There are 2 protein chains.
Amino acid sequence: MGENRLLEAYKDALYSIQGHGKRNLDVLKEAFAQLDGEMESDMYGSGKIIEDFQQKVAGSLGKERAVFFPSGTMAQQIALRIWCDHKEVPRVAYHPLCHLEIHEEDGLKKLHGIEPILVANKDRVIGLGDVVGLKDDIACLLLELPQREIGGQLPEYETLEAISRFCRDKGIKLHLDGARLYEVLPYYGKSAAEICDLFDSVYISFYKGIGGIAGAILAGGEAFTEESKVWKRRHGGDLISLYPYIISADYYFDQRVNKMDRYYEGAKELAAHFNGCEGISTLPEKPVSNMFHVFFHYPKTMVESILIDVYKETGVGLTGYVKEVSEDECAYEVSTGDQFESIPKEKLKTTFTLLNEKLKQANK
Amino acid sequence: MGENRLLEAYKDALYSIQGHGKRNLDVLKEAFAQLDGEMESDMYGSGKIIEDFQQKVAGSLGKERAVFFPSGTMAQQIALRIWCDHKEVPRVAYHPLCHLEIHEEDGLKKLHGIEPILVANKDRVIGLGDVVGLKDDIACLLLELPQREIGGQLPEYETLEAISRFCRDKGIKLHLDGARLYEVLPYYGKSAAEICDLFDSVYISFYKGIGGIAGAILAGGEAFTEESKVWKRRHGGDLISLYPYIISADYYFDQRVNKMDRYYEGAKELAAHFNGCEGISTLPEKPVSNMFHVFFHYPKTMVESILIDVYKETGVGLTGYVKEVSEDECAYEVSTGDQFESIPKEKLKTTFTLLNEKLKQANK
């Protein structure tokens, strides 16, 4: 009840601090509006639309080749499978809150028979010590930048370099879950190619910070990507036409890839507002990308009710849902995008002042 | 050289006997043109767009539930995996030219560890005797209607009924590769639901006779389809948004599902034209759907050269490529659709008269 009411109030709000806008059909229509209808579809991985885009993204990532996939789930399982097959070791290592471990119904285990070793405590990012301390031989280590499930935290760049060096010395392939890779470039002050150079294979997504419809790229050396195409067909991902995703990915990539610093600045500004409220904290306290998690140290139903009132009074929506963490704590994820900048600063200030007042009031 | 010239001449021809038209961006643009841009995307298998379409197709197929998949490759491997898991027998049976056997890079074996038993000779469709004669225990038998790789041949309906009865008696699940199911309804004189009633699970495609962009439906009982959703996620097919495929599938389904008898009549008319030419035969001689294969009993380069001349003189394109079968034989696949009806009958006659003359001439 509170949940539906919160979502409705959020949708009704004039402004939203989240993302780029609604995921509706206009996202597709806008991307296709100016294109020549006579343009030919890609065909099973071939054709100008897919080949040009793959080459463009390979260039951006500084990798030899790139292959477009319908999903990151498919792309990453395939990357790990290839590295396991090469080494003949069906074992990889990744963070306990890795996408493959918690969101994919164990596809990696059930389809590929690959055993994952969980590295590091789930509350922090993987460090060099965790990797050096691995007891079993592994074919591949997966690093996720930023580590989404803990608010989008990042290791220091030097740590990445050290892990990369260690893996190369030990014959362990290093794979990047870069679903939000472009989103962390402003923090690192590096190019995508500089970061990808530390990794043997890289996956990026087009519907997070880029704001496309769906789809992913898997990039790496030519032999690796050629092998990935065979697995793409095995998975049922070598569709006759992927252009609805490719064209929208390309369109929004061009529109947003150079705005990641603005989204990052927005996230820091917004986190400061949240942290200024009584009983609210963010993780990380100071964001390192366009994302962070917000923790309300109050019961979920109370927070929902207060948020609804705040949206109605200010016209600013913060979130459409909050997730219960414990009896007196709830949380949600923020990802800033185009929408944040359109909120007048004064309005934002009023919103958080009101939110803070209501929380204080309730806390009495 | 001859190949590229043939394709170019085919593209340049005013008319084409094949399909519904070009696979270009207009296919998508037309399907989306009249839709409200505010309509919300599906989200990971939920939402009105995907749920409504799944229910509509389930109804048409007379099955309890239907699940939309990005591809038939994914849908069918998953169907077979579920039936194998239920029976704890990792073995299925299908035709030697089954899509899973020759077009999927052995995904069924490499991802699911399922062993296929090849049934019947590759030159004919599966009969009751082939199934009764199976020596190993199998979890599932897959039948493809029509059998595409041999020109789209069909067993008699009574054979289907007998195989279905036998499988039910023996505890063997029967799966339908119905990529072109709607295309065979006019020949059988049955509804989709009547045919599907003989099967435990059914896959249909939306970019053959329907002419959509991509995508498939897997239909069956509720427990089966619920399980298929878990595997869809494992395969990386549970995309955040599948609406580009769903909306186009729905749009062209409505437009074409009731025109299959016309495509079928067109195929019969066209096959008669081909069979009237010296040194050309079709398989089957009399089509049983909108498809058949054309065999030219001449060398490929000779056929290419003659076809180019015919297209240029008549403005009617037959095919953009022919495949070498042997030194003095080549072939290609016909699928009739909307385009065939737009060719004036007189023009068609002239085209085949000219083709026949040129073949006779060359044969001297």
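The shown structure was predicted, so the numbers you read here are calculated from the model rather than taken from an experiment. Order of the sequence lines sets the chain letters (A, B, ...), proteins ahead of strands, with each chain counted from 1.
If you measure heavy-atom distances from B:L242 to chain A, the contacts under 4.5 Å come from both the backbone and the side chain. Proximity to chain B (any heavy atom under 4.5 Å) is restricted, for A:K11, to the side chain, taken from C-beta onward. For a residue to count as touching a neighbouring chain, one of its non-hydrogen atoms must lie under 4.5 Å from one of that chain's; by this rule B:K232 does not touch chain A. Heavy-atom distances place the side chain of B:Y207, and not its backbone, under 4.5 Å from chain A. Contact annotation for B:L239: only side-chain heavy atoms (C-beta onward) come within less than 4.5 Å of a heavy atom of chain A. Using a 4.5 Å cut-off between heavy atoms, B:Q77 contacts chain A through its side chain alone, with no backbone atom that close. B:K110 touches chain A through backbone and side chain together, each having a heavy atom under 4.5 Å away. When heavy atoms are compared at a cutoff of 4.5 Å, B:D36 approaches chain A solely by way of its backbone atoms N, CA, C and O. Contacts between B:Y245 and chain A at a heavy-atom distance below 4.5 Å involve the side chain alone, from C-beta outward. With a threshold of 4.5 angstrom between heavy atoms, A:A75 does not approach chain B through any atom at all. With a 4.5 angstrom heavy-atom cutoff, A:E38 touches chain B via backbone and side-chain atoms both. If you measure heavy-atom distances from A:I247 to chain B, the contacts under 4.5 Å come from the side chain alone.
Options B:R23, B:K22, B:M74 differ in how many heavy-atom pairs under 4.5 Å they form with chain A, and the most are formed by B:R23. Looking only at heavy-atom pairs under 4.5 Å with chain A, the residue among B:G107, B:G37, B:G236 that has the most is B:G37. Ranking A:Q76, A:H103, A:H112 against chain B, the residue ahead of the rest is A:H103, based on heavy-atom pairs under 4.5 Å. Between chain A and the residues B:V230, B:N24, B:T73, the most heavy-atom pairs under 4.5 angstrom are made by B:N24. Contact count against chain B (heavy-atom pairs under 4.5 Å) is highest for A:L25 among A:D106, A:L35, A:L25. When the candidates B:S41, B:S248, B:G113, B:G215 are compared by the number of heavy-atom contacts under 4.5 Å with chain A, B:S41 comes out ahead.
In plain terms, the two heavy atoms of B:L218 and B:T225 that are nearest each other are O-CG2, 4.1 Å. In plain terms, the two heavy atoms of B:Y332 and B:Y321 that are nearest each other are CB-O, 3.5 Å. Of all heavy-atom pairs between B:Y182 and B:I204, the closest is CE1-CD1, 3.7 Å.
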When you look at B:Y10 and B:T319, which way does the side chain to side chain donor-acceptor pair (under 3.5 Å) test go after all the steps? CA-CA 6 Å; B:Y10 175 70; B:T319 178; over 6 Å; no
Begin with the C-alpha distance, continue with both residues' side-chain angles, and end with the deciding distance and a verdict on ring-ring contact (aromatic ring centres under 6.0 Å, His included) for B:Y203 and B:H99. CA-CA 12 Å; B:Y203 140 70; B:H99 196 274; 8.1 Å; no
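Side-chain contact annotation: B:Y263 with B:D338, donor-acceptor N/O pair under 3.5 Å present. Between the side chains of A:E227 and A:H86, at least one donor-acceptor pair of N or O atoms lies under 3.5 Å.
Residue-environment remark: CD (A:E40) stays at or below the threshold of 12 foreign heavy atoms within 6.0 Å.
A:F206 and A:F253 have perpendicular rings, their planes meeting at more than 60° on a 0 to 90° scale where under 30° would count as parallel.
Between A:D85 and A:W231, some side-chain heavy-atom pair lies under the 4.5 Å cut-off.
To the nearest 0.5 Å, the span separating NZ on A:K48 from CE on A:M39 amounts to 8.5 Å.
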